[in-house]
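As the structure is a prediction and not an experimental result, all values here were calculated from the model. Chain identifiers are assigned alphabetically (A, B, ...) following the order of the sequence lines, protein sequences preceding nucleic acid strands; residue numbering begins at 1 within each chain.
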Amino acid sequence: MDRDRPRHRRPRGALRGRRPAAAERPHQPARPQCRHADLLRLACHDAAAGRPPAHRYAGGCRADHRRPDRVGLHRRTGDAGQPGRRRVRPAVRVRFCPSPTGNPHVGLVRAALFNWAFARHHGGAFVFRIEDTDAARDTEESYEQLLDSLRWLGLDWDEGPDIGGPVGPYRQSQRRDIYDDVVRRLLEAGEAYESFSSAEEIEARHRAAGHDPKLGYDNADRELTAAQAEAFRARGRGAVVRLRMPAEEVSWTDLVRGPVSFAAGSVPDFVLARANGDPLYPLVNPLDDALMGITHVLRGEDLLPSTPRQIALYAALRRIGFDASTPLFGHLPLVRGEGNRKLSKRAPEASLQLYRERGFLPEGLLNYLALLGWAIADDRDVFSMSEMAAAFDIDRVSSNPARFDLQKAEAINGSHIRLLSVEEFAARVTPYLQSAGLVATPPSDTEAALIDGAAPLVAERVTVLSEAVDMMRFLFTTDLVVDSDAAAKFLGTEAGPVLRAAVDALERLSTWDSASIEAALKAALVDGLGLKPRQAFAPIRVAVSGRTVSPPLYESMDLLGRERSIDRLCAALG
RNA sequence: GGCCCCGUCGUCUAGCGGCCCAGGACGCCGCCCUCUCAAGGCGGUGGCGGGGGUUCGAAUCCCCUCGGGGCUACCA
């Protein structure tokens with residue numbers, strides 16, 4: 001074992017042209033010679049046929065291409081080898097490949113965001129693929145939610161299930177024939193083998209040998225003879241297909257973490273397909289990455305232990321004739337919830353829908369999520385997505401897990417709300433007012449005028465749009481419900497004289513605008529009754545808005561109108 | 001248990017051997033502004049897990065240790 005090999009920590013700056021001399025890093029994994037082959041072949045097929053090939057792995061072309069000069073940074077492919085048909089394919093191809101189970105969660109969104117930013121930064125392609133190979137868990141509803149969520153967030157994709165693309169289909173449930181074929185070829189080549197052991201049998205063997213029963217598959221079926229396999233089959237035993245893992249250490253230079261390696265023998269032969277033939281994630285994920293020309297895989301750290309298996313699969317694919325270049329991997333830090341645990345998909349605070357309903361702006365949520373592992377600068381953390389795309393650098397992504405902090409998320413969102421123009425804020429808050437049943441769809445002219453008038457007052461006092469709805473409710477509701485705590489505190493008997501004086505003053509007003517209201521109220525209550533402003537205005541505010549917290553009082557009354565304002569004061573008088 | 005990853009204010013981070021008796025943000029505390037709540041402005045609180053080494057010099061490099069986390073399915 002080489003003790004000098006850098007471990008655990010990437011040499012800082014290693015990916016930015018400050019690599020240590022070769023002699024100092026004896027066991028750096030070999031970098032893939034070329035990650036463009038698929039793209040180029042794709043370009044050729046494309047150009048020749050004018051449409052995507054049905055099976056991309058069936059052919060090949062002799063494209064000339066350069067080796068990228070920097071890890072993590074593909075510049076461009078060469079031309080496709082056809083004079084007059086020069087096509088420059090994006091050198092960077094990344095993907096977002098959720099499985100449609102349950103509601104989209106923030107961990108997923110974060111992964112999508114980083115891939116999107118990486119693609120946009122490098123002028124590459126962002127591919128959206130659906131990994132629906134588990135019929136028992138996948139739902140069409142979840143699939144729709146995924147599309148809807150990404151659209152809402154504004155993370156636009158270049159190829160995907162809804163828009164197609166040159167290497168589709170982009171739903172794995174529609175690629176079954178490809179998987180079946182690859183499994184067959186892997187089996188024929190001896191790269192994979194049939195494994196008859198059941199989980200119980202594997203555990204029993206570990207127990208018998210005095211090992212921990214949780215050790216996992218023991219490669220017991222590796223060298224089964226044809227006769228032995230036949231005997232199993234004769235007894236009606238089904239077999240999963242497993243990939244034969246190499247005997248060597250598997251290592252790679254992680255885009256986020258630097259050198260990572262798994263000792264030889266530490267990863268058991270893994271299952272590519274179920275006994276009933278269903279292909280599984282460990283096969284379809286890397287296979288489709290290969291077939292779709294994915295150059296960089298940015299995903300959660302929870303998938304890091306599966307990387308050696310994927311690297312092994314890529315090698316096996318190459319040995320059976322695929323032009324499959326291993327992508328570069330970058331494992332993003334986990335998003336944690338309360339406590340130190342990974343944010344569970346089922347945790348309520350993980351649900352994207354929740355933040356949407358709460359009134360997060362997509363750009364605000366995204367900005368906060370970006371902060372979970374990345375910083376645009378040391379003195380700034382509010383930025384737009386286009387700024388992020390321009391500045392994003394995978395080498396500057398932190399490898400520490402990050403806790404989702406709702407308070408900070410809302411603070412960042414509040415900053416984005418304040419960045420909106422008044423018109424934009426009004427437009428964004430309107431759907432929330434509509435779903436609260438406060439205004440019509442579309443809003444009436446009167447309602448629209450109230451929204452526009454309240455927008456500048458409300459925008460600077462809220463961090464999420466749902467708060468704005470609560471703050472604007474009094475303007476639209478016909479029967480105001482006064483908050484009981486507020487009423488108890490400010491609308492007691494001692495409020496009577498204050499309210500009466502206010503009504504008197506306001507009724508005498510000839511013009512109804514905030515300046516006149518302010519002058520009248522101050523004259524009547526502060527000068528007239530000798531009250532402190534706090535005492536004077538609290539009952540009025542509660543009577544008019546129903547709450548102790550509201551937009552500025554005079555402006556609020558101006559918007560509400562003379563009649564409704566005075567009616568509410570009278571109502572509070574009882 | 002095994003394999004792997006990670007350790008800078010409460011939280012998210014900046015830091016890539018001297019610019020750092022560690023900077024920013026959120027939070028928290030105080031003040032200013034003020035009709036409430038915010039926003040905004042100003043100020044404050046608070047951290048390199050521990051121990052060894054390398055070096056003239058370590059938050060930064062190495063080792064050990066402690067702690068946290070992930071994975072360990074015929075889910076993805």
Side-chain angles (χ1 to χ4, degrees), chain A residues 3-4 6-14 16 18 97-99 101 131-134 136-138 195 198-199 211-217 238-242 254 257 260-263 266-268 270-276 278 280-282 284-285 300-308 331 333-334 336 340-342 368 371-375 377-382 396 398-405 407-412 414 418 458-463 467 471 486 490 518 521-522 525-526 532-538 540-542 545 547-554:
Chain A
R3 310 306 293 179
D4 292 326
R7 294 164 64 90
H8 305 307
R9 193 190 275 265
R10 153 184 48 150
R12 287 290 179 172
R16 286 186 292 150
R18 307 228 268 131
C97 52
S99 64
T101 57
E131 307 221 329
D132 51 351
T133 53
D134 186 354
R137 300 199 316 153
D138 301 324
S195 169
S198 69
H211 296 150
D212 188 317
K214 306 242 65 145
L215 240 34
Y217 181 59
V240 299
V241 177
R242 291 183 187 271
D254 197 274
R257 280 147 224 284
V260 178
S261 64
F262 283 71
S266 64
V267 185
F270 61 95
V271 179
L272 298 173
R274 284 179 168 142
N276 69 5
D278 287 349
L280 262 16
Y281 166 82
V284 300
N285 177 272
E301 189 196 340
D302 49 341
L303 289 168
L304 194 147
S306 77
T307 304
H331 289 92
L334 254 22
R336 290 173 164 175
N340 282 334
R341 295 308 185 89
K342 170 172 90 162
Y368 176 68
L371 257 17
L372 263 25
W374 184 73
D378 61 1
D379 61 351
R380 186 161 82 106
D381 54 15
V382 175
R396 289 179 52 83
S398 161
S399 45
N400 304 340
R403 178 186 261 100
F404 190 96
D405 178 357
Q407 279 191 320
K408 179 151 184 180
E410 294 199 343
I412 296 289
R418 256 153 255 125
V458 170
E460 66 178 26
R461 340 183 98 71
V462 300
T463 58
E467 265 184 274
M471 206 169 272
F490 295 108
E518 175 175 5
L521 253 21
K522 278 188 169 160
L525 307 178
V526 178
K532 295 208 180 305
R534 295 181 83 89
Q535 304 169 307
F537 298 115
I540 317 259
R541 179 184 309 285
V542 172
S545 74
R547 317 190 340 152
T548 54
V549 173
S550 80
L553 183 59
Y554 320 125

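By the salt bridge (charged side-chain N to carboxylate O under 4.0 Å, His left out) test, A/D378 pairs with no residue at all, sequence neighbours left out. Residues meeting the side-chain contact (heavy atoms from CB on, under 4.5 Å) test with A/V382, sequence neighbours left out: A/N367, A/I412, A/S415, A/H416, A/L419. Residues passing the side-chain contact (heavy atoms from CB on, under 4.5 Å) test with A/R242, sequence neighbours excluded: A/Y193, A/S195, A/I202, A/Y217, A/V240, A/D269, A/V271. In this view, A/D138 and A/S99, A/P100, A/T101, A/D132, A/D134 satisfy the side-chain contact (heavy atoms from CB on, under 4.5 Å) rule, not counting sequence neighbours. Checked against side-chain contact (heavy atoms from CB on, under 4.5 Å), A/T463 has the following partners two or more places apart in sequence or in another chain: A/E410, A/R418, A/E467. A search for salt bridge (charged side-chain N to carboxylate O under 4.0 Å, His left out) contacts involving A/E131 returns A/R129, not counting sequence neighbours. Scanning for ring-ring contact (aromatic ring centres under 6.0 Å, His included) contacts around A/F404 gives A/Y355, A/Y368, with sequence neighbours left out. By the side-chain hydrogen bond (donor to acceptor under 3.5 Å, both in side chains) test, A/N276 is found to be paired with A/D278, residues two or more places apart in sequence or in another chain being considered. Take A/K522 and apply the side-chain hydrogen bond (donor to acceptor under 3.5 Å, both in side chains) test, not counting sequence neighbours, and it matches A/E518.
Residue-level contact check: A/R547 touches neither bases nor backbone, having no heavy atom under 4.0 Å from any strand. Counting non-hydrogen atoms under 4.0 angstrom, A/G373 reaches the backbone sugars and phosphates but no base.
If you check B/rG7 for Watson-Crick or wobble pairing at under 3.5 angstrom, you find it paired to B/rC66. If you check B/rG1 for Watson-Crick or wobble pairing at under 3.5 angstrom, you find it paired to B/rU72.
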When you compare the protein's N or O atoms with those of nucleotides 41-43 of chain B, which come within less than 3.5 Å of each other, and at what distance?
none

ring-ring contact (aromatic ring centres under 6.0 Å, His included) for A/Y554 and A/F537? Distances and angles first, verdict last. CA-CA 10 Å; A/Y554 320 125; A/F537 298 115; 5.7 Å; yes

Contact string for nucleotides 65-76 of chain B, one letter per nucleotide 5' to 3', B = base within protein heavy-atom range under 4.0 Å, S = sugar-phosphate only, - = neither, reads ---SSBS--BBB

Any chance you could list the contact pattern along nucleotides 28-36 of chain B? Use B for base contacts, S for sugar-phosphate-only contacts and - for none, protein heavy atoms under 4.0 Å, 5' to 3'. -------BB

